[in-house]
Amino acid sequence: KAGVTQTPRYLIKTRGQQVTLSCSPISGHRSVSWYQQTPGQGLQFLFEYFSETQRNKGNFPGRFSGRQFSNSRSEMNVSTLELGDSALYLCASSFDPRSYEQYFGPGTRLTVT
Amino acid sequence: DQQVKQNSPSLSVQEGRISILNCDYTNSMFDYFLWYKKYPAEGPTFLISISSIKDKNEDGRFTVFLNKSAKHLSLHIVPSQPGDSAVYFCAARDNNNDMRFGAGTRLTVKP
């Protein structure tokens with residue numbers, strides 16, 4: 001069974017631009033969560049989607065948004081990029097929101113200059 | 001708000017010895033705890049978990065201990081191997097399915 005895939009793997013953007021990251025969950029998984037990882041902050045929860053609906057949202061500004069498609073694929077968008085948005089963005093999938101174990105993708109390394 | 005804390009950013013142990021990674025939490029509503037291991041350029045992978053109704057769970061060389069009264073859990077790796085060198089994240093989930101992660105501890109196992 002193929003794992004969680006994320007594209008692109010690496011991205012360099014400049015301040016003020018916007019970016020869209022993509023995540024394809026494991027086949028059959030319907031829940032997708034997004035996390036931001038920065039040094040010293042660990043993994044911080046961005047949002048969770050299930051059946052095309054956002055179930056939970058972390059404490060991030062409105063510049064961070066996401067969506068989920070009918071095939072469970074998910075995208076997250078960051079508008080008006082700031083230097084502090086430079087991070088590893090991880091997507092995780094699970095069968096449904098009640099599943100405790102999540103399977104992570106390799107992440108997208110975003111660098112904002 | 002750091003509801004899950006891993007106060008040691010790094011740990012170095014000798015091959016064959018025990019590695020003990022610690023994690024503290026503040027939210028008493030957490031009912032499930034997980035440890036993830038992360039290698040560079042890869043996403044975290046699930047390692048071991050424990051429900052709040054237990055105080056110990058063992059899987060091969062890995063054992064997780066939970067002390068609810070102290071709001072503390074630990075991961076023991078015995079014996080440690082060089083391939084265990086990675087960043088370990090502690091995570092906790094509450095009854096709303098909200099998951100919180102610690103900042104991670106980088107474990108280095110020296111041959």
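Per chain, numbering begins at 1; letters A, B, ... match sequence-line order.
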Do other residues, nucleotides or ligands put more than 12 heavy atoms under 6.0 Å from the CZ atom of Arg9(A)?
yes
Using a 6.0 Å cut-off, check whether atom CZ of Arg63(A) has over 12 heavy atoms from anything other than its own residue.
yes
Could you tell me which portion of Thr45(B) (side chain, backbone, both or neither) has an atom closer than 4.5 angstrom to a non-hydrogen atom of chain A?
neither
Taking side chain as C-beta onward, heavy atoms only, is Gln102(A) less than 4.5 Å from Phe46(B)?
no
Counting only heavy atoms closer than 4.5 Å, note whether Arg109(A) contacts chain B via side chain, backbone, both or neither.
neither
Check each atom of Tyr36(B) against the heavy atoms of chain A and say whether the ones under 4.5 Å are side chain, backbone, both or neither.
side chain
Working to the nearest 0.5 Å, report the span between CZ of Phe89(B) and OH of Tyr35(A).
12.0 Å
Under a 4.5 Å side-chain heavy-atom rule over Ile, Leu, Val, Met, Phe, Trp and Tyr, are Leu21(B) and Val4(B) clustered together?
yes
Within the supplied structure, the quantity of interest is the number of heavy atoms (other residues, nucleotides, ligands) at a distance under 6.0 Å from Ile12(A) CD1; does it exceed 12?
no
Hey, does Leu43(A) have a side-chain heavy atom less than 4.5 Å from the side chain of Lys38(B)?
no
Separation of Phe101(B) CZ from Leu90(A) CG (nearest 0.5 Å)
9.0 Å
More than 12 heavy atoms of other residues, nucleotides or ligands under 6.0 Å from NZ of Lys5(B): is that the case?
no
For Arg61(B), does the CZ atom have more than 12 heavy-atom neighbours from other residues, nucleotides or ligands under 6.0 Å away?
yes
Do Ile53(B) and Ile48(B) sit in the same hydrophobic cluster, where Ile, Leu, Val, Met, Phe, Trp and Tyr count as joined when their side-chain heavy atoms come under 4.5 Å apart?
no
Between Pro44(B), Ala103(B), Pro9(B), Gly104(B), the one whose heavy-atom pairs under 4.5 Å with chain A are most numerous:
Pro44(B)
Given that the side chain runs from C-beta out, which part of Tyr103(A) has a heavy atom under 4.5 Å from chain B: side chain, backbone, both or neither?
neither
I'd like to verify something: which residue of Cys90(B), Ala91(B), Gly102(B), Gly43(B) has the highest number of heavy-atom pairs under 4.5 Å with chain A?
Gly43(B)
hydrophobic_cluster_shared for Phe45(A) and Trp34(A), side chain cutoff 4.5 Å
no
Contact class of Gln6(A) relative to chain B, heavy atoms under 4.5 angstrom:
neither
